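Right, one structure below, let's go through it.
Numbering of residues begins at 1 and proceeds along the displayed sequence. Predicted, not measured: the structure shown is a model, and the values here were computed from it.
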Amino acid sequence: MITNDATLLKVKHEVLYEVAKLAYEGRLDDERDNLPYKMVPGPQPFFRCCIYREREVIRQRIRLAEGKAPGTEDDGNVVQIINSACEGCPISRYVVTDNCQKCMGRACQQACRFGAISMGRDKSYIDPSKCKECGQCAKACPYNAIADLMRPCIKSCPVGAISVAENGTGIAVIDKDKCIDCGSCIHKCPFGAIGSKSYIVDIINDMRAGKKVFAMFAPATYGQFGADITMASWRTAMKKIGFYDAVDVGLGADMTAMAEAKEWMEAKAEGRKKTTSCCPAFKLLVEKHFPELADRVSETVSPMCAVSRYIKENYEDAVTVFIGPCIGKKAESAAGEKESADYALTYGEIRAMLRAKDVKLEPEAEDNDQSTLFGKKFANAGGVTAAVLESMKELGCEDEVKVCKCDGIEECKKALTLMKFNRFQDDFMEGMACEGGCVGGPSRHRDPNMAMRDRKTALDNSTDINITENLEKQGADKIDMVRD
C-alpha cells in the first residue's frame with residue numbers, strides 16, 4: 001500500500017529527517033525537546049484536533065526514531081502503537097446505521113444468539129458488552145443497515161495480534177507473543193498511529209565515533225529508485241553520508257541458496273520436508289503460530305546474516321546495517337543471531353539520512369557486480385526457489401523437486417496447516433510473508449508496477465554468472481551458514 005506523503009507519511013518522514021540531521025550535527029540531546037515546537041509552531045494544528053496533541057505525536061515519534069518505545073513502557077517489540085496518534089476507532093465492530101427502518105421483522109434481533117440487540121425508539125441497538133462480533137445480524141438485515149467497522153489495523157493483521165485495550169480508552173494493543181513484525185498494520189492505519197523503532201541515531205553515532213559502518217542493500221533495491229540507480233550509485237552515496245562501504249545482499253542470497261541446496265538434497269534423500277528461512281516474518285509465523293513445525297525451517301541463515309558474517313570475517317570491528325523494504329529485518333537483527341546485522345533500516349529511513357546530509361542518488365555504471373541474477377531475483381516471489389534449484393543443479397543433483405511457492409501470509413498459513421497435519425504434498429516450501437516477495441514489502445519505496453518495470457531493466461543489464469563461480473570469486477564460499 002502506497003500512501004500519500006502529503007498526509008500520513010509527512011510527519012513520519014519529517015521527524016526522521018530532523019532527528020538524523022541533529023544526530024549528524026551532534027545536537028540531538030540539546031534540541032530534542034525543542035523539535036516538537038519547531039515542527040508544530042501553532043497556533044493552528046495541521047492534521048489533528050489541537051497543536052498539543054500534534055506535538056505529543058512528534059515527541060513519541062522522536063522516541064521511535066531513537067529506537068525507543070513511544071511511551072514509558074517498552075515490551076521489546078519492534079512494531080509499536082503511538083498512543084497519542086490513535087484516534088480511538090469505534091470499539092464496537094458492528095454498528096447500526098441510519099439505514100435501519102426498525103422493521104417489524106426484526107431479522108437482526110432474531111439472528112443474534114447472544115441477546116445483544118434491542119429495539120430503540122428509532123432503530124435497533126447493539127450492546128457492545130454482549131456482542132460477540134459474529135456478524136450474523138449484519139447478514140440478516142434486509143436493509144444492509146448494520147455496518148462492519150473492523151479497525152483497519154485489526155483487519156490487516158494476518159495473525160490476530162492486534163486488539164482493543166480493555167481499559168476503555170479504545171487504543172489499539174499489539175500482542176508481542178503473536179506479532180510477526182510483518183509491518184502490515186503500519187501502512188494500513190489511516191491515522192499513522194503504528195510505527196516501528198528506528199536505529200538511525202545509533203548508526204550515526206557509530207559513524208561519528210569512527211567505526212567502519214557497512215551498508216548492506218537488499219536485492220529488492222534494484223528498480224526501487226529507478227532503473228539507472230545501481231549498487232555503484234548507492235556505494236557512492238553511502239560513503240558521502242558516513243558509511244565505510246556498501247555491499248549487495250544479493251551475494252548473501254547466493255550464499256543462502258547454495259547452503260539451502262545442500263540442505264534440501266540431504267532432506268530429500270531422507271524423506272524430510274523443509275521450508276526456507278530467509279523471510280523473518282515467515283520464520284516468526286512458524287515459531288509463534290506453528291511451533292510444532294520449527295524443525296522444518298531451514299537451518300541456513302538469511303542473506304542478511306550471511307553478508308554480515310562475510311563482512312565481519314574480513315573486518316573484525318565492522319558494524320553492519322541492512323537496508324531494504326522489510327520491517328521484520330529489524331526484529332531479526334535485534335534477535336541476536338551470531339554475527340548477523342547489527343541494525344536494519346527501511347528505505348524511508350535511509351532516505352532521511354541522505355536528505356539530512358543533502359546527498360542525492362545519481363546514475364552510475366556498475367563496476368563491481370557482487371551477485372548473480374539468481375541472487376538479485378531472490379526478492380521476487382519464487383526467486384528463492386529458482387536460486388536453490390539452480391544451486392542444486394550446479395551441485396549435480398538431477399532429482400525432480402516439487403516446491404510449494406507461498407506468496408503472502410495467507411498462502412503460508414494454508415501450506416503450514418497442511419504440513420502440520422501431514423497433508424503437504426510437495427517436497428519443500430518457500431515462505432514469503434509479503435505478496436510478490438520482498439519487492440512487495442510494506443516499506444517499499446515506489447508503486448510496485450513502476451518498480452517492477454525498472455527492476456526488469458536493471459536486471460537485464462546485470463552480469464550473468466553462475467552461483468558457484470560467484471561465491472568463489474567473492475571469497476564467500478567458506479562462510480559459516482548455519483543458524484546459531
Expected list for residues 321-335: side-chain donor-acceptor pairs under 3.5 angstrom, two or more places apart:
{"residue": "Lys329", "atom": "NZ", "partner": "Cys278", "partner atom": "O", "Å": "3.2"}
{"residue": "Lys329", "atom": "NZ", "partner": "Glu332", "partner atom": "OE1", "Å": "2.9"}
{"residue": "Lys330", "atom": "NZ", "partner": "Ser196", "partner atom": "OG", "Å": "2.9"}
{"residue": "Lys330", "atom": "NZ", "partner": "Lys197", "partner atom": "O", "Å": "2.8"}
{"residue": "Lys330", "atom": "NZ", "partner": "Glu349", "partner atom": "OE1", "Å": "3.4"}
{"residue": "Lys330", "atom": "NZ", "partner": "Glu349", "partner atom": "OE2", "Å": "2.6"}
{"residue": "Glu332", "atom": "OE2", "partner": "Ser302", "partner atom": "OG", "Å": "2.5"}
{"residue": "Ser333", "atom": "OG", "partner": "Lys329", "partner atom": "O", "Å": "3.3"}
{"residue": "Ser333", "atom": "OG", "partner": "Lys330", "partner atom": "O", "Å": "2.9"}

Assess whether atom NZ of Lys338 is packed by more than 12 heavy atoms of other residues, nucleotides or ligands within 6.0 Å. no

Ignoring hydrogens and angles, tell me if any N or O in the side chain of Glu263 forms a donor-acceptor pair with the backbone of Glu299 under 3.5 Å. yes

Sidechain N-carboxylate O distance under 4.0 Å for Lys68, Asp74: no

Strictly distance-based, threshold 3.5 Å: is any side-chain N or O of Arg59 a donor or acceptor partner for the main-chain N or O of Pro36? no

Tell me which pairs pass side-chain hydrogen bond (donor to acceptor under 3.5 Å, both in side chains) where either residue lies in residues 214-224, with sequence neighbours left out. Thr221-Tyr347, Tyr222-Asp248

Sequence neighbours excluded - side-chain hydrogen bond (donor to acceptor under 3.5 Å, both in side chains) pairs with any residue from residues 416-431: Thr385-Glu430

Does the Lys178 side chain pair with the main chain of Val159, one donor and one acceptor, at a distance under 3.5 Å? no

With a cut-off of 6.0 Å (strictly less than), are more than 12 heavy atoms of other residues, nucleotides or ligands near CG of Asp358? no

Just wondering, do Tyr37 and Ile58 contact through their side chains at under 4.5 Å, heavy atoms? no

For Thr320, side-chain hydrogen bond (donor to acceptor under 3.5 Å, both in side chains) partners two or more places apart: Ser308, Asp342

Using the rule given for side-chain hydrogen bond (donor to acceptor under 3.5 Å, both in side chains), can you reason through Asp75 versus Gln80, listing the C-alpha separation, both sets of side-chain angles and the distance that settles it, and then say yes or no? CA-CA 9 Å; Asp75 62 1; Gln80 294 280 325; 3.0 Å; yes

Listed partners of Ile154 passing side chain to side chain contact (heavy atoms under 4.5 Å, CB included), at least two apart: Met150, Arg151, Ile162, Val164

Does Thr97 use its side chain to pair, donor to acceptor, with the backbone of Asn99 at less than 3.5 Å? yes

Give me the atom names and distance for the closest heavy-atom approach of Leu16 to Ile200. O-CD1, 3.7 Å

Are more than 12 heavy atoms from other residues, nucleotides or ligands located less than 6.0 Å from atom CZ of Phe114? yes

For Lys413, is there an ion pair with Glu410 - N to carboxylate O distance below 4.0 angstrom? yes

Between Lys357 and Ile241, which heavy-atom pair has the shortest distance, and what is it? CB-CG2, 3.7 Å

Under a 4.5 Å cut-off applied to non-hydrogen side-chain atoms, are Val384 and Lys405 in contact? no

Residues forming a side-chain hydrogen bond (donor to acceptor under 3.5 Å, both in side chains) with Asp29, sequence neighbours excluded: Arg32

Could you check whether any side-chain N or O of Arg53 sits under 3.5 Å from a backbone N or O of Arg48, counting only pairs where one atom can act as donor and the other as acceptor? no

Looking only at side-chain N and O atoms, does Lys274 offer a donor or acceptor that is under 3.5 Å from a partner on Ser298? no

Are Lys273 and Phe424 in a cation-pi contact, defined as NZ or CZ under 6.0 Å from the six-membered ring centre and within 45° of the axis? no

